[in-house]
Amino acid sequence: MPEKPYWHFVKSLFRKSLMLIRTSFALVLLFVSTALAQTSLGACGCEDKPLPEVLATVDGQKVGRDDLSEPTRKRISDLQQQVIDARTAELDKQINALLLRAEAKKRGITPIQLMEAEVGNKVPLPTSAQARSFYDQNRAQLNGDFESLEERILDYLYDQKEQELLNKFGHGLRGTASIKVHAPVPTPPASATDRARVFAVVNGKEITSADIEDGLRPLIFSVQEQMYDLRRYDLNLKINDLLLTEAAKKQGMTPTQLLEREVTSKFSGIGEEAAKKFFEENKSRINGDFPAVKHQIIEYLNDQEREKRTAAFAEQLQQEASVQIFLTPPDPPVYDIAIDDQPIKGDPNAQVTLVEFTDFQCPSCAQQHPILERILNEFGTSVRLVVRDFPLSQHKEAARAAEAAREQGKYWEYVALLYKRQSALQSEKLKEYASELGLDREKFDASLDGGKHLERVHRDLMDGESLGIGGTPTLFLNGRVVSDRSYEGLKSAIEKALKKRL
């Protein structure tokens, strides 16, 4: 087991690995009211622009928003309800945050020290057996084998127990506080001035609509993206259906007959050799030996190939037709990310700022590092890189060690070693690397052993959570999250940003 993690504000660090966790906000629903189920979906406030009446035209035929399928409407309604639920949860979360800060101030300590004393020290460490049990119960929803997910599952189980104790502590603080809640079910602001509306007052401090909406920006954008994807997928099906029907009509046959001629008849099927190759590449995720699953694999691969060929035919029909689409994706939010007193590489006055939230024990972060180095070298004074920490609970020591190296002016050299030696980042190894770089060991060891820089790491974690970060590495370019972290994707995004500055 790793060393005991310190308390941090609740985060969901493996939203992408544990598919059953839909959003990081699932871990911060402190006091959700059952009355929310009756709330009108008009209170969602999660459409960043009006949905057009006509979503597309296909050779002059209109496809309207009312043409979207019922399952799509239902899934969008469910997403909207998530935002409604989260808005009330966010109010409770901010009430608790004010109570925590007030209690910490009363005791003359920081909020992190308070939570370490009242929550962190009381959380039992989950065992490997508990992680295995969780994995076995949720295997169908998880992406990966137990060995690759164990560390993240342990972190999740720890966070779950920590949240239980945090809820209990928060409720206890409410008993002695002055709390006035003006709107237990907050609604979104109807206008810019409405953002000043006060929803609650905690010991004389107001929580406004703006506070709630700012706290929900990552979730709301995530919901907007999901709603767009649902509508766009459904719209594409409608467009393809119209085009296929029209093409079949022109040739005097049914749509099924046309697909049979253009797709099915030209595909002879997947053979055993291809199925065997697929099995070898994915055996860690497949239960059973090859003879037992061969026919299932062949059927799966045949379905995949047919879908691929059908999609190619649909794309051909769209290219030959006059198709206009009026549905547009949501505009990503621009975040004001603090970079004060953070490690910075590059020109301080660079036009483009890349902020990376990283975990030095994350393999993907190690793969990202040389890409960022290449970008910095190529763009020179036009780009600067800022690094912030977002480690798993058991990875914080490496983050603190990097800060200890920064104290002695060797941050980037030390970070390069961390990424290269991710399998050996125990405390003694971290100290050995300090010697390797010629650092003052007495000063370095005192910093690492004394828990110095823990507050700094926690600040990064809290800021990352407020930005909706669900994993590492996460990159922001001038305040916007970067979706394509490849060298080509980053280079293209930077070039576009530089052009906008001209």
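We number each residue from 1, following the sequence as shown. Every value quoted in this text rests on a predicted model; they were computed, and no experiment measured them.
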Exercise for the section: With the side chain counted from C-beta on, respond yes when Tyr135 and Arg139 share a heavy-atom pair under 4.5 Å apart, and no when they do not. Expected result: yes
Completion exercise
Between Leu301 and Ala275, the two heavy atoms sitting closest are CD1-CA, 3.9 Å
Problem - Distance in Å, Leu448 CG paired with Arg441 CZ, rounded so as to fall on 0.5 Å steps - result: 9.5 Å
Handout entry: Flag if over 12 foreign heavy atoms under 6.0 Å of CZ, Arg75
Key = no
Practice task
May I ask you to test the Leu477-Val352 pair for a side-chain heavy-atom distance under 4.5 Å?
Solution key: yes
Problem - Inter-residue atom distance Thr472.OG1 - Asp359.CG, 0.5 Å rounding - result: 4.5 Å
Practice task
Could you walk me through whether Ser133 and Asp136 pass side chain to side chain donor-acceptor pair (under 3.5 Å), step by step?
Solution key: CA-CA 5 Å; Ser133 176; Asp136 291 340; over 6 Å; no
Handout entry: Shortest non-hydrogen contact from Tyr158 toward Val123
Key = CE1-CG1, 3.3 Å
Fill in the blank from the handout: Phe476 and Thr474 have their tightest heavy-atom pair at CE1-CG2, 3.7 Å
Exercise for the section: Report yes if some heavy atom in the side chain of Leu68 is under 4.5 Å from a heavy atom in the side chain of Leu230; otherwise report no. Expected result: no
Exercise for the section: Please check if any side-chain donor atom of Glu378 sits under 3.5 Å from a side-chain acceptor atom of Tyr487, or the reverse. Expected result: yes
Problem - Under 3.5 Å side-chain donor-acceptor pair for Ser466 and Asp463 - result: no
Handout entry: Whether Asp389 side chain and Pro391 backbone form a donor-acceptor pair below 3.5 Å
Key = no
Problem - Gln342 and Asp460 side chains, donor-acceptor separation under 3.5 Å - result: yes
Problem - Side-chain H-bond candidate by donor/acceptor type, Asp211 with Thr208, under 3.5 Å - result: yes
Practice task
Could you tell me whether the side chain of Arg132 and the main chain of Glu150 form a donor-acceptor pair under 3.5 Å?
Solution key: no
Problem - Donor-acceptor under 3.5 Å (Arg400 side chain, Arg456 main chain) - result: no
Practice task
Kindly indicate whether the side chain of Glu47, heavy atoms from C-beta on, has any atom under 4.5 Å from the side chain of Gln80.
Solution key: yes
Practice task
Take atom CG of Asp340 as the centre, draw a 6.0 Å sphere, and report whether it contains more than 12 heavy atoms from other residues, nucleotides or ligands.
Solution key: yes
Problem - Exam field: side chain Gln422 to backbone Cys362, donor-acceptor pair closer than 3.5 Å - result: yes
Practice task
Return yes if some donor-acceptor pair links the side-chain N/O of Asn138 with the main-chain N/O of Gln141 below 3.5 Å, else return no.
Solution key: no
Exercise for the section: Would you please indicate if the ring centroids of Tyr414 and Phe444 are separated by under 6.0 Å? Expected result: yes
Exercise for the section: Answer yes or no: is there a side-chain heavy-atom contact under 4.5 Å between Thr88 and Pro186? Expected result: yes
Problem - Reported CZ-to-OG1 distance for the pair Arg231 and Thr328, which is rounded to 0.5 angstrom - result: 10.5 Å
Practice task
Please say whether more than 12 non-hydrogen atoms of neighbouring residues, nucleotides or ligands are located less than 6.0 Å from CD in Glu147.
Solution key: yes
Handout entry: Side-chain donor or acceptor of Arg384 paired with backbone N/O of Thr353 under 3.5 Å
Key = no
Exercise for the section: Evaluate the salt bridge (charged side-chain N to carboxylate O under 4.0 Å, His left out) criterion for residues Arg309 and Glu305: first the C-alpha distance (whole Å), next the side-chain angles of each, then the deciding distance (0.1 Å), finally the verdict. Expected result: CA-CA 6 Å; Arg309 290 170 179 256; Glu305 184 61 25; 2.9 Å; yes
Practice task
Taking all non-hydrogen atoms of both residues into account, name the closest pair between Asp484 and Gly489 and its distance.
Solution key: OD2-CA, 3.3 Å
Problem - 4.5 Å side-chain heavy-atom contact, Leu154 and Leu392 - result: no
Handout entry: Flag side-chain contact, heavy atom, 4.5 Å: Phe390 against Leu467
Key = no
Handout entry: Cationic N near anionic O, under 4.0 Å, Glu280 to Lys276
Key = yes
Exercise for the section: May I ask you to check whether Asp85 and Gln81 show a side-chain donor-acceptor distance below 3.5 Å? Expected result: yes
Practice task
Answer yes when Glu273 and Lys277 have at least one side-chain N-carboxylate O distance shorter than 4.0 Å, and no when they do not.
Solution key: no
Practice task
Please assess Ser209 against Glu213 for the test side chain to side chain donor-acceptor pair (under 3.5 Å), listing each intermediate value before the final yes or no.
Solution key: CA-CA 6 Å; Ser209 174; Glu213 298 308 309; 4.6 Å; no
Handout entry: Euclidean distance, Ile339 CD1 relative to Ile344 CD1, rounded to 0.5 Å
Key = 4.5 Å
Handout entry: Residues Glu118 and Lys122 bridged, charged N to O under 4.0 Å
Key = yes
Practice task
Give a yes-or-no answer on whether the side chains of Asp234 and Thr72 include a donor-acceptor pair shorter than 3.5 Å.
Solution key: yes
Handout entry: Option passing ring pair (Phe, Tyr, Trp, His ring centres under 6.0 Å) with Tyr419 (candidates Tyr433, Phe360, Trp412)
Key = Phe360
Problem - Heavy-atom pair of closest approach, residues Pro333 and Arg217 - result: CB-NH2, 3.3 Å
Problem - Short side-chain to backbone donor-acceptor contact, Arg406 and Tyr411, under 3.5 Å - result: no
Problem - No-hydrogen, no-angle side-chain donor-acceptor test under 3.5 Å, Ser364 and Gln368 - result: no
Practice task
Would you check if there is a donor-acceptor pair between the side chains of Gln160 and Glu164 at a distance under 3.5 Å?
Solution key: no
Exercise for the section: Calculate, to the nearest 0.5 Å, the distance between atoms CG and CE belonging to Asp48 and Met227 respectively. Expected result: 8.0 Å
Problem - From CA spacing to verdict: salt bridge (charged side-chain N to carboxylate O under 4.0 Å, His left out), Glu432, Lys429 - result: CA-CA 5 Å; Glu432 287 179 17; Lys429 289 293 184 181; 3.7 Å; yes
Handout entry: CA sep, side-chain torsions, deciding dist, call: Lys431, Glu436, salt bridge (charged side-chain N to carboxylate O under 4.0 Å, His left out)
Key = CA-CA 9 Å; Lys431 294 174 182 178; Glu436 189 174 328; over 6 Å; no
Exercise for the section: Apply salt bridge (charged side-chain N to carboxylate O under 4.0 Å, His left out) to the pair Arg459 and Glu455, showing each step before the final yes or no. Expected result: CA-CA 6 Å; Arg459 184 185 70 168; Glu455 293 270 350; over 6 Å; no
Practice task
Could you tell me whether Lys396 and Glu403 have a side-chain N and a carboxylate O separated by less than 4.0 Å?
Solution key: no
Handout entry: Between CG on residue Asp303 and NZ on residue Lys308, distance to nearest 0.5 Å
Key = 14.5 Å
Practice task
Measure across Pro363 and Gln361 and return the closest heavy-atom pair with its distance rounded to 0.1 Å.
Solution key: CD-O, 3.5 Å
Problem - Minimum side-chain heavy-atom gap Glu225-Pro329 below 4.5 Å - result: no
Handout entry: Donor-acceptor contact present, side-chain Asn236 to main-chain Arg232, <3.5 Å
Key = no
Problem - Short side-chain donor-acceptor distance under 3.5 Å, Gln408 and Asp440 - result: no
Handout entry: Expected output: side-chain Ser492 to main-chain Glu488 donor-acceptor under 3.5 Å
Key = no
Handout entry: Any donor-acceptor pair under 3.5 Å from Lys410 side chain to Leu437 backbone
Key = yes
Problem - Tyr300 OH: over 12 foreign heavy atoms closer than 6.0 Å - result: no
Exercise for the section: Could you tell me whether the side chains of Asp78 and Gln82 share a donor-acceptor contact shorter than 3.5 Å? Expected result: no
